[in-house]
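Heads up: the structure comes next, in structure tokens.
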Amino acid sequence: MARLSRIRRTTSGAQILRRLAPVALTALLFLGVAATAGAQAYPNTTFNYTTEVNEAVTHLWDQLLFWATVVFVIVEVGILYIIFKFKARPDSPDPKHIHGNTALEIAWTAIPAVILAFIAVPTVKTIFMTQAKAPANALQVEVIGHQWWWEFRYPQYGITTANELYLPVGRTVNFKLNTSDVLHSFWIPRLGGKRDLISNRTNYLWMTPRDSMALKALNGSCTEYCGESHANMKFRTFTVTKEQFASWAAHQKGPAVYGAVTPPTVGVTPAVAGAAATTKSGQVGTELADAPAPAPVGFVFPREKLDASSLPTATPPSSIAFTAGLSGDVERGRQVYSRSSCIGCHKISGNPMSAGVLGPNLTHFGSRYTFGSAVYENTTENLVRWIKNAPAMKPGSLMPAIGNGEYNPAIKAKVTMGGLSDQQIADVAAYLLALK
Ligand code: CUA
């Protein structure tokens with residue numbers, strides 16, 4: 001104890017700071033590494049310069065962090081100095097008793113005011129910049145939030161799609177944000193900016209993806225709690241070149257190319273490496289490898305540009321069994337689809353029977369990589385089970401269970417009247433996947 005107090009007495013504040021320096025430097029080094037690794041290691045990072053909005057917000061963040069660090073260091077150094085300089089020692093006299101200090105009081109009022117000014121000026125500037133109206137020639141995209149999926153409309157192109165958003169780089173996109181039910185929030189982290197979808201109100205959010213962002217698959221999600229499948233309300237954004245966008249848009253505007261694709265044979269081990277999982281018993285496989293080259297269908301984001309973070313990995317619950325070895329037939333599937341309850345909610349341009357608007361527009365469903373609000377990869381394996389029992393795959397799904405004999409957790413009953421057999425479901429899946 002005596003030795004300890006001797007050490008304490010002989011250790012000055014400056015010496016302690018010197019000892020802490022290597023620790024502080026190491027911490028800074030780690031922070032630096034984490035910051036530079038950002039975009040690669042964290043596919044949903046928002047600290048980058050991919051759009052002018054993102055740059056403005058990231059720049060503002062950097063500025064505030066800088067000033068906050070300066071204030072932090074000054075305050076901490078001051079505290080440490082006071083602690084060590086004025087600590088009670090066995091022989092120290094009583095501290096001087098004072099009452100009030102005008103200079104000090106003016107200083108600690110004025111300094112925070114100056115700091116606030118430093119923060120307010122760039123903050124207000126950034127707010128004005130991001131709240132300004134989008135340029136008149138911007139690409140207009142109407143975003144409509146639904147429990148629990150995203151509808152995207154391109155009014156200038158006459159396109160309605162769901163859960164997958166194509167954006168050309170180098171052109172400002174102006175999102176018009178509305179909700180069909182409760183509050184949601186629209187966010188593509190990599191592009192920055194985030195805005196709520198509010199009932200009976202229209203919000204806007206615009207940004208211009210940089211040319212360097214061409215051919216990126218970006219995650220998007222709902223960031224406002226909106227009910228039991230809030231976490232399942234995701235979407236994908238594909239940033240493409242202007243030419244690719246024009247090709248995609250020209251095709252999406254029209255009805256699906258239907259019949260140009262050979263029916264997939266369901267129940268055969270796929271020849272395409274990685275196209276579908278090898279299966280436990282009771283699972284179907286999918287086979288599209290031998291299909292002839294389909295008719296020109298416009299640009300579709302290339303599969304090889306998708307990475308692990310942009311393809312969903314969720315698998316259907318094992319409770320949904322499916323007969324193995326069934327072959328789906330596109331034409332049969334079209335007939336089954338066209339007389340089933342599907343048409344009450346879904347629209348498929350080119351199929352006059354299918355004109356529902358409650359559910360996602362399925363016109364070019366076969367050209368999408370995901371379904372169920374980007375929760376599942378768009379494979380035959382997943383799709384047949386989704387058609388069979390969607391509520392079991394996504395809590396609260398308005399899409400009912402359709403498979404004959406399936407238990408529908410939403411209505412706490414088994415499907416009896418009008419349920420589809422596994423064969424019929426395989427046919428419907430074949431039809432939907434043929435809609436390119
Ligand atoms: Cu929509 Cu959370």
Side-chain angles (χ1 to χ4, degrees), residues 50-51 53 133-146 149-180 184-188 190-191 193 195 197 202-211 213-222 233-257 296-302 346-351 354-371 373-374 378 435-436:
T50 54
T51 64
V53 169
K133 268 207 156 80
N137 62 348
L139 169 69
Q140 306 292 332
V141 175
E142 297 173 7
V143 176
I144 301 157
H146 298 264
W149 59 281
W150 298 91
E151 182 173 349
F152 300 122
R153 295 184 190 162
Y154 297 73
Q156 294 149 316
Y157 294 85
I159 296 170
T160 301
T161 183
N163 303 322
E164 294 193 2
L165 182 65
Y166 278 67
L167 297 180
V169 294
R171 183 176 177 192
T172 303
V173 54
N174 187 29
F175 296 112
K176 184 183 175 203
L177 307 166
N178 288 104
T179 169
S180 71
H184 304 277
S185 188
F186 177 81
W187 193 30
I188 308 164
R190 286 286 302 281
L191 297 184
R195 202 142 292 166
L197 282 58
T202 300
N203 275 348
Y204 293 89
L205 174 67
W206 58 263
M207 56 186 70
T208 316
R210 297 255 155 92
D211 289 348
M213 290 304 287
L215 282 181
K216 299 259 193 290
L218 310 170
N219 295 324
S221 58
C222 179
M233 189 170 166
K234 307 174 192 178
F235 61 99
R236 288 290 176 276
T237 301
F238 300 119
T239 43
V240 299
T241 66
K242 282 179 179 150
E243 296 72 32
Q244 289 163 342
F245 180 79
S247 164
W248 174 83
H251 179 68
Q252 291 280 319
K253 193 179 345 190
V257 174
V297 291
F299 175 81
V300 173
F301 191 84
H346 295 287
K347 182 174 170 69
I348 295 176
S349 291
N351 181 339
S354 183
V357 292
L358 284 176
N361 184 304
L362 301 178
T363 300
H364 297 276
F365 182 80
S367 62
R368 294 181 200 156
Y369 286 108
T370 64
F371 70 82
S373 210
N378 194 6
L435 298 171
K436 300 284 186 182

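Basis for what follows: all heavy atoms, side chains included, without hydrogens, waters or symmetry-related copies.
Put simply, the side chain of Y157 reaches to within 4.5 Å of the side chain of L139, judged on heavy atoms. Contact of the V169 side chain with the K216 side chain is not registered, since no non-hydrogen atoms from C-beta on lie closer than 4.5 Å. Between E142 and N178, every side-chain heavy-atom pair lies at or beyond the 4.5 Å cut-off. Side chains of M213 and L218 form a contact here, defined as non-hydrogen atoms less than 4.5 Å apart. Y166 places a side-chain heavy atom less than 4.5 Å from the side chain of F299. The shortest distance between side-chain heavy atoms of V300 and F238 does not fall below 4.5 Å. Within the 4.5 Å cutoff, the side chain of E151 has no heavy atoms near those of the P360 side chain. Residues I188 and L165 are in side-chain contact: their nearest non-hydrogen atoms beyond the backbone lie under 4.5 Å apart.
Evaluation of the side chain to side chain donor-acceptor pair (under 3.5 Å) rule for D211 yields no partner, not counting sequence neighbours. For the ring pair (Phe, Tyr, Trp, His ring centres under 6.0 Å) test, residues two or more places apart in sequence or in another chain that qualify with F175 are F186.
Taking each heavy atom of F301 and A217 in turn, the nearest pair found is CZ-N, 3.7 Å. Of all heavy-atom pairs spanning H364 and A256, the tightest one is CE1-CA, 3.7 Å. Between R368 and T363, the closest heavy-atom pair is NH2-N, 4.4 Å. When all heavy atoms of F235 and W187 are compared, the pair lying nearest together is CZ-O, 3.7 Å. Closest non-hydrogen pair, R171 versus P209, comes out as O-CD, 3.7 Å. Smallest separation of non-hydrogen atoms from S367 and Q252: OG-NE2, 3.7 Å.
In this structure, the side chain of S373 engages the main chain of K234 through a donor-acceptor pair within 3.5 Å. Checked by atom type and distance alone, the side chain of T51 never pairs as donor or acceptor with a backbone atom of T208 at under 3.5 Å. Between the side chain of K436 and the main chain of G366, a donor-acceptor pair closer than 3.5 Å is present. Side-chain atoms of Q140 never come within 3.5 Å of backbone atoms of Q156 as a donor-acceptor pair (strictly under, hydrogens ignored).
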Note to self: What verdict does the side chain to side chain contact (heavy atoms under 4.5 Å, CB included) test give for F365 and I348, after you've listed the backbone C-alpha separation in whole Å, the side-chain angles of each residue and the deciding distance to 0.1 Å?
What the structure shows: CA-CA 9 Å; F365 182 80; I348 295 176; over 6 Å; no

Check: Does the pair N163 and W150 meet the rule for a side chain to side chain contact (heavy atoms under 4.5 Å, CB included), with working shown?
Finding: CA-CA 5 Å; N163 303 322; W150 298 91; 3.7 Å; yes

Next item on the list: Please step through side chain to side chain contact (heavy atoms under 4.5 Å, CB included) for the pair L167 and L191, ending with a clear verdict.
Entry: CA-CA 11 Å; L167 297 180; L191 297 184; 4.1 Å; yes

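Note: T50 OG1 to R190 CZ = 6.5 Å, rounded to the nearest 0.5 Å. To the nearest 0.5 angstrom, L197 atom CG is 10.0 Å from L205 atom CG. The NZ atom of K347 lies 11.0 Å from the CG atom of L362; values are rounded to the nearest 0.5 Å.
Between Y154 and F245, the angle of the ring planes lies from 30° to 60°, which puts this pair in the tilted group.
In summary, the side chains of H146 and S180 do present a donor paired with an acceptor at a separation below 3.5 Å, with no hydrogens or angles considered.
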